[in-house]
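Position 1 is the first residue of the sequence, and the numbers go up from there.
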Amino acid sequence: MEAVFIPVAIVGMLFIGLPWLIFHYVTQWKKAATLTGEDEKLLDELNDLARRLDERMCSIERIMTAENPNWRALACDPAAAGLESLATTNQPRRIER
C-alpha cells in the first residue's frame, strides 16, 4: 500500500501542487505591480506641483537676471563672491555688486 501511495503523492505534488504554487505567486506579483487609482492621482498631483515649481523658478531667474545679469556667476563661483573666506572665519561678509 505504501509503495503506491508515495509515488502518487509525489506525482500529485509535482503536477498539481507545484504549478498551483507558481501560478498563485505569479498572480500576486502581477496584482502588486499595477498602479492603483490613488497612485495615479498622486502622480498627477506631483507632476502638477513640479510644473508649478518649475514655472516659479523660471520667474525667479527672470527677476534675478533683470536685477543683476551676472548673478549666475556669483552664485556658482564662491571664490568670485568672496564666500571662500566664510568657511575659515565666522564673521559674515557682505557681497558688493
Side-chain angles (χ1 to χ4, degrees):
M1 183 73 172
E2 246 182 73
V4 174
F5 179 70
I6 291 176
V8 169
I10 290 173
V11 169
M13 282 192 274
L14 283 176
F15 291 106
I16 296 172
L18 189 59
W20 177 83
L21 188 66
I22 291 170
F23 289 131
H24 171 71
Y25 283 108
V26 166
T27 57
Q28 293 297 318
W29 292 328
K30 284 184 180 181
K31 275 198 277 186
T34 59
L35 289 177
T36 63
E38 184 178 323
D39 292 337
E40 289 179 9
K41 182 179 176 186
L42 179 63
L43 284 174
D44 288 339
E45 289 175 3
L46 289 174
N47 186 26
D48 186 47
L49 178 64
R51 184 188 48 77
R52 289 192 339 244
L53 288 173
D54 188 44
E55 290 172 0
R56 288 180 185 173
M57 283 299 298
C58 288
S59 298
I60 290 171
E61 287 176 352
R62 281 194 307 269
I63 292 169
M64 293 288 292
T65 303
E67 288 182 5
N68 184 5
N70 200 21
W71 72 272
R72 287 183 193 264
L74 294 175
C76 295
D77 188 12
L83 298 177
E84 187 174 69
S85 62
L86 282 178
T88 58
T89 64
N90 290 335
Q91 298 175 2
R93 194 166 173 174
R94 186 173 179 175
I95 300 171
E96 299 294 328
R97 291 190 209 188

Spacing of L46 atom CG and R51 atom CZ [to the nearest 0.5 Å]: 13.0 Å

Is any side-chain heavy atom of R72 closer than 4.5 Å to a side-chain heavy atom of E61? yes

CD of E38: more than 12 outside heavy atoms within 6.0 angstrom? no

Just one of V11, I16, I10 clears the side-chain contact (heavy atoms from CB on, under 4.5 Å) bar with L14, so which one? I10

Testing the 3.5 Å rule here: is there a donor-acceptor pair between the side chains of R56 and S59? no

Can you tell me how far the CD atom of E67 sits from the CZ atom of R62, to the nearest 0.5 Å? 13.5 Å

In one Ile/Leu/Val/Met/Phe/Trp/Tyr side-chain cluster, 4.5 Å: F23, L18: no

Out of curiosity, D48 CG to L53 CG, how far, rounded to the nearest 0.5 Å? 9.5 Å

Smallest heavy-atom separation, L35 atom then D39 atom, equals CD2-CB, 3.9 Å

Going by an N to O cut-off under 4.0 Å, is there a salt bridge joining K41 and D44? no

Among L21, I22, T27, which residue satisfies the side-chain contact (heavy atoms from CB on, under 4.5 Å) criterion with Y25? L21

At what distance, to the nearest 0.5 angstrom, does CE of M13 lie from CH2 of W20? 14.5 Å

Working to the nearest 0.5 angstrom, can you tell me the gap between L49 CG and L42 CG? 10.5 Å

